[in-house]
Number of protein chains: 2
Amino acid sequence: MSKSTPTPSAAIDAWARLQRASGAVLARVETRLKTDGFPPLGWYDVLLELSRAEDRTLRPVEIEKRMLLAQYNVSRLLDRLAAAGYIEKLKSPEDGRGVSVRLTSEGEALLKAMWPCYQAAVEAEFTNLLEPGDAETLWNVLGRLVR
Amino acid sequence: MSKSTPTPSAAIDAWARLQRASGAVLARVETRLKTDGFPPLGWYDVLLELSRAEDRTLRPVEIEKRMLLAQYNVSRLLDRLAAAGYIEKLKSPEDGRGVSVRLTSEGEALLKAMWPCYQAAVEAEFTNLLEPGDAETLWNVLGRLVR
DNA sequence: TCAAGATTGATGCACTTGCATAAATTTTCT
DNA sequence: AGAAAATTTATGCAAGTGCATCAATCTTGA
C-alpha cells in the first residue's frame with residue numbers, strides 16, 4: 001500500500017505547478033495575440049468549434065459544453081462575436097427556445113488570419129520549451145483530469 | 001533531426017488539453033471552497049506567501065512576482081484583504097514609495113481554516129484522479145514551462 | 001391531455017479585471 | 001549634485017464575470 005498514492009506533497013506541488021505553468025503560458029500566448037491586434041483566445045475557440053461543426057452551426061448550449069464555460073458567459077461571448085460580425089444568430093428551427101449560431105465568412109476569415117499567430121505563439125511559449133515525448137506524456141496524464 | 005521536435009499536432013493537442021484540464025480542475029476546486037463559505041484561492045495564496053515570509057511581511061511587488069499577477073490586480077486584491085482584516089498595510093520602512101503588507105492573526109486563522117477544505121478539494125479533484133508517478137511526471141514536465 | 005418539472009437563453013446588478021496613466025520615490029548617469 | 005530614467009503603488013474608466021432570476025419552450029408522466 002505504501003506506493004498506491006502519491007506523496008501528498010508531491011501531489012500538491014504538482015497541482016500548484018500545473019496552475020502556475022498553465023496560467024503563465026496562457027498569459028504569454030494571449031499577449032502575443034493581443035500584440036498582433038487579435039481578439040482573445042476565447043473568440044478563436046468559438047470560431048474553431050463552429051468551423052468544425054455541421055453546417056458551421058451550433059447551439060449555444062453545445063458551445064457551453066465543449067468550451068466548459070458558464071451559460072451566461074457563452075451568451076455574452078456570442079453577443080460580442082455577433083456584434084463584431086463574426087457569427088450570426090438564427091432562430092433554431094428544431095427548438096423554439098433556442099438559437100442557432102452560424103460562422104460568417106468574416107468569422108472564417110478571422111479564424112484563418114489568427115491561426116499563424118496563434119500557432120507561432122504556442123510554439124514559442126510552449127512547444128519549444130518541451131523535450132521530445134513531453135507532449136504525449138502531458139496529453140496522457142492530463143487526460144485523467146478531464147474525465 | 002526527425003525526432004528533435006514533437007509532432008506539431010501532438011504539441012497543439014497537449015496545449016489544448018493543458019488549458020482545458022487545468023481550468024476545469026481549478027474551477028472544481030474553487031467551487032468547493034465557495035460552497036464551504038471561503039474566499040477565492042487567490043486570497044489563500046496571498047496569505048500563504050505572507051505566512052512563509054520573514055516577519056509575515058512582504059512588499060506588494062514581491063507578491064506580484066511570486067503570484068504572477070498584474071500589478072493593479074495585486075494592489076486591489078490587497079485592498080480587499082486589508083478591508084476584510086486579514087492583512088494590514090504599513091508604510092515601508094526602507095522604501096518611501098512602498099508599502100509593507102503583514103499577515104494579521106485573523107489572516108492566519110483564515111489560512112488555517114481554509115487548509116482542510118483546500119486540501120480535500122485538491123485531493124478529490126486532482127490527486128485522486130492521478131496514477132502513481134503522475135504527480136512527479138507532471139512536476140518535471142511542467143517545470144520546463146515555468147522557467 | 002395537461003400540469004409539473006427541466007432546459008435554453010438572456011439580463012440587471014455587483015464585483016473583478018484590464019488599460020492607461022498619475023504620483024511619489026528611488027536609482028542611475030553625467 | 002542634478003536631471004533623466006526606472007520603480008512602486010494607486011486609481012478612473014471600460015470591459016468582462018458571477019450570481020440570481022426571468023421568460024419561453026420542451027419533456028415527462030399521471
Side-chain angles (χ1 to χ4, degrees), chain A residues 23-24 26-46 49-50 57-84 86-102, chain B residues 23-24 26-46 49-50 57-84 86-102:
Chain A
L26 177 61
R28 291 185 207 127
V29 169
E30 291 264 25
T31 294
R32 283 179 180 246
L33 285 174
K34 187 173 324 185
T35 296
D36 284 17
F38 290 120
L41 218 36
W43 290 38
Y44 184 89
D45 291 334
V46 172
E49 291 294 345
L50 289 175
T57 297
L58 283 174
R59 303 278 306 271
V61 67
E62 273 308 309
I63 297 174
E64 182 185 335
K65 286 173 197 153
R66 297 181 197 209
M67 297 183 58
L68 305 182
L69 288 178
Q71 181 271 321
Y72 47 81
N73 281 334
V74 172
S75 179
R76 281 161 168 154
L77 176 52
L78 295 178
D79 279 350
R80 279 170 244 143
L81 283 163
Y86 298 126
I87 65 173
E88 52 188 349
K89 293 186 182 187
L90 315 165
K91 271 179 291 214
S92 174
E94 74 243 11
D95 186 336
R97 296 166 297 187
V99 181
S100 262
V101 166
R102 184 165 63 200
Chain B
L26 177 61
R28 292 184 205 127
V29 169
E30 292 264 24
T31 294
R32 283 180 180 244
L33 284 174
K34 187 174 321 184
T35 296
D36 283 17
F38 290 121
L41 218 37
W43 289 38
Y44 185 89
D45 292 333
V46 172
E49 291 295 345
L50 289 174
T57 297
L58 284 174
R59 302 277 307 271
V61 67
E62 273 307 309
I63 296 174
E64 182 186 335
K65 284 174 199 154
R66 297 181 196 209
M67 296 183 58
L68 305 181
L69 289 179
Q71 180 272 320
Y72 47 80
N73 280 336
V74 172
S75 179
R76 281 160 167 155
L77 176 53
L78 295 178
D79 279 350
R80 280 170 243 144
L81 282 163
Y86 298 128
I87 64 172
E88 53 188 348
K89 293 186 181 186
L90 314 165
K91 271 180 291 218
S92 173
E94 75 244 9
D95 186 333
R97 295 166 299 188
V99 181
S100 260
V101 166
R102 185 166 60 200

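The chains referred to below are lettered A, B, ... by the order of the sequence lines, with proteins before strands, and numbering in each begins at 1.
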Please examine the side chains of V46(A) and E49(A), heavy atoms only from C-beta on, and report whether any two atoms are closer than 4.5 Å.
-> no
Check against side chain to side chain contact (heavy atoms under 4.5 Å, CB included), M67(A) and V74(A) | CA-CA 9 Å; M67(A) 297 183 58; V74(A) 172; over 6 Å; no
Letter by letter from the 5' end, nucleotides 3-13 of chain C scores (B base, S sugar-phosphate only, - none; protein heavy atoms under 4.0 Å) ----BSBBBBB
Would you call K34(A) and E30(A) a salt bridge, using N to O less than 4.0 angstrom?
-> no
Difference in axis direction between the ends of the helix from dT1(C)-dA30(D) to dT30(C)-dA1(D), five pairs, 10° = 30°
Take K91(B) and S100(B) through the side chain to side chain contact (heavy atoms under 4.5 Å, CB included) test and state the conclusion after the steps.
-> CA-CA 6 Å; K91(B) 271 180 291 218; S100(B) 260; over 6 Å; no
Any side-chain heavy-atom pair from L78(A) and V99(A) closer than 4.5 angstrom?
-> no
For the pair T31(A) (side chain) and A27(A) (backbone), establish whether a donor and an acceptor sit closer than 3.5 Å, ignoring hydrogens and angles.
-> yes
Within less than 4.0 Å of OP1 or OP2 of dG16(D), is there a side-chain N or O belonging to N73(A)?
-> no
So, is R80(A) close to the dA14(D) phosphate, meaning a side-chain N or O under 4.0 Å from OP1 or OP2?
-> no
Where along residues 29-41 of chain B does a heavy atom come under 4.0 Å from DNA chain D, residue by residue in number order?
-> K34(B)
May I ask you to decide if F38(A)'s main-chain N or O and D36(A)'s side chain share a donor-acceptor pair within less than 3.5 Å?
-> no
Starting at atom CH2 of W43(A), determine the distance to atom C1' of dA15(D), rounded to an integer number of angstrom.
-> 11 Å
When rounded to the nearest 0.5 Å, the distance separating CG of L58(B) from CD of E64(B) is 12.5 Å
pair P60(A)-V101(A): side-chain heavy atoms closer than 4.5 Å = yes
Straight-line distance of Q71(B) CD to L69(B) CG, nearest 0.5 Å = 11.0 Å
